[in-house]
Amino acid sequence: MTGLQRFFSLCLCVLLIMILYPNFGTAGWTFAGVFILLGTGVILIMAVVDSIFSLHRFEGINRFLSWIFIACVLVSMLWLFPQDDKVAPINKLKYGELPTGADIRRGIQKFSFNFAFDKRNARRSENFINQRDPKAEAEEAAKKAAAEKTRRAAAKKARPKIDIVVED
């Protein structure tokens, strides 16, 4: 593998862990950035060692070192990736808590961008997450209106019974 291929495999591993374990806050984004920078440094050091010892001529050794690098990246990401519940992903795997489909959808949603600028509220904290379906919002509004209508009819019906006549 070339250095560029190793860099893309590093980015792919970081992206994979961020999608599978989406319970990270702002610390997760910072960690991913720093981890990619450090991984790039390791890739550069591997390239220097490769050129000093001419390892690029031996395809088997080069492939073996690349697989060792990818394995180290995955293990260290699983071991150190910050989570909101303070449990490392490797410990979740150790105790049998595998990522679910909902986790994967939430992880992919963290990387999505909402291009519906006309429907976005600038004061929302979820500006970069897709908003709810308009049909679901209309159904919810209709249910609220029906509940309000029922409540007003019940209040109107009970009003004559509630009125108290006070004599002087």
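Between Ile108 and Ile19 the shortest side-chain heavy-atom distance falls below 4.5 Å. Contact annotation: the side chain of Cys13 never approaches that of Met77 to less than 4.5 Å [non-hydrogen atoms, C-beta and beyond]. Side-chain contact between Met46 and Arg6 is present, with at least one heavy-atom pair separated by less than 4.5 Å. Between Val73 and Phe35 there is a side-chain heavy-atom pair separated by less than 4.5 Å. Side-chain contact between Arg105 and Gln109 is absent, with no heavy atoms from C-beta onward closer than 4.5 Å. A 4.5 Å side-chain heavy-atom check between Thr2 and Phe7 finds every atom pair outside the cut-off. Annotation: side chain of Ile17 is in contact with side chain of Leu74 (closest heavy-atom distance under 4.5 Å). At a threshold of 4.5 Å between non-hydrogen side-chain atoms, the residues Glu97 and Asn91 do not count as touching.
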Verdict with reasoning, Ile61 to Leu55, per side chain to side chain contact (heavy atoms under 4.5 Å, CB included): CA-CA 7 Å; Ile61 293 174; Leu55 295 176; 4.2 Å; yes
Test log, rule side chain to side chain contact (heavy atoms under 4.5 Å, CB included), inputs Ile36 and Thr40: CA-CA 6 Å; Ile36 288 175; Thr40 305; 4.1 Å; yes
Take Lys143 and Glu139, measure what salt bridge (charged side-chain N to carboxylate O under 4.0 Å, His left out) needs, and give me the verdict at the end. CA-CA 6 Å; Lys143 286 180 184 178; Glu139 289 175 4; 5.6 Å; no
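Taken to the nearest 0.5 Å, the CG atom of Leu15 stands 11.0 Å off from the CG atom of Leu10. The distance from the CZ atom of Arg63 to the CZ atom of Phe58 is 14.5 Å, given to the nearest 0.5 Å. Going from atom CZ of Phe81 over to atom OH of Tyr21 covers 11.0 Å, rounded to the nearest 0.5 Å. Atoms CG and CZ, from Leu38 and Phe31 in turn, are 9.0 Å apart once rounded to the nearest 0.5 Å.
Tracing side-chain contacts under 4.5 Å through hydrophobic residues (I, L, V, M, F, W, Y), one never reaches Phe64 starting from Val75; they form parts of separate clusters. Placement of Leu65 and Val42 within a single hydrophobic cluster is found when ILVMFWY residues are connected by side-chain heavy-atom separations under 4.5 Å, directly or transitively. Linking ILVMFWY side-chain heavy atoms closer than 4.5 Å, directly or via other members, places Ile52 and Phe69 in a single hydrophobic cluster. Neither Leu12 nor Phe24 shares a network with the other; the hydrophobic side chains, linked directly or stepwise wherever heavy atoms of I, L, V, M, F, W or Y lie under 4.5 Å apart, form separate groups for each. Tracing side-chain contacts under 4.5 Å through hydrophobic residues (I, L, V, M, F, W, Y), one reaches Ile70 starting from Val49; they form part of the same cluster.
Between Arg57 and Asp50 there is no salt bridge, since no side-chain N of the basic residue sits under 4.0 Å from a carboxylate O of the acidic one. Using a 4.0 Å cut-off between charged side-chain N and carboxylate O, Glu148 and Lys144 make no salt bridge.
For the side-chain contact (heavy atoms from CB on, under 4.5 Å) with Lys92, the qualifying choice from Asp85, Leu98, Leu20 is Asp85, the only one to do so.
In this structure, Trp29 places its CH2 atom where more than 12 heavy-atom neighbours from other residues, nucleotides or ligands lie under 6.0 Å away.
Annotation for Lys110 and Pro22: closest pair NZ-O, 2.9 Å, computed over non-hydrogen atoms.
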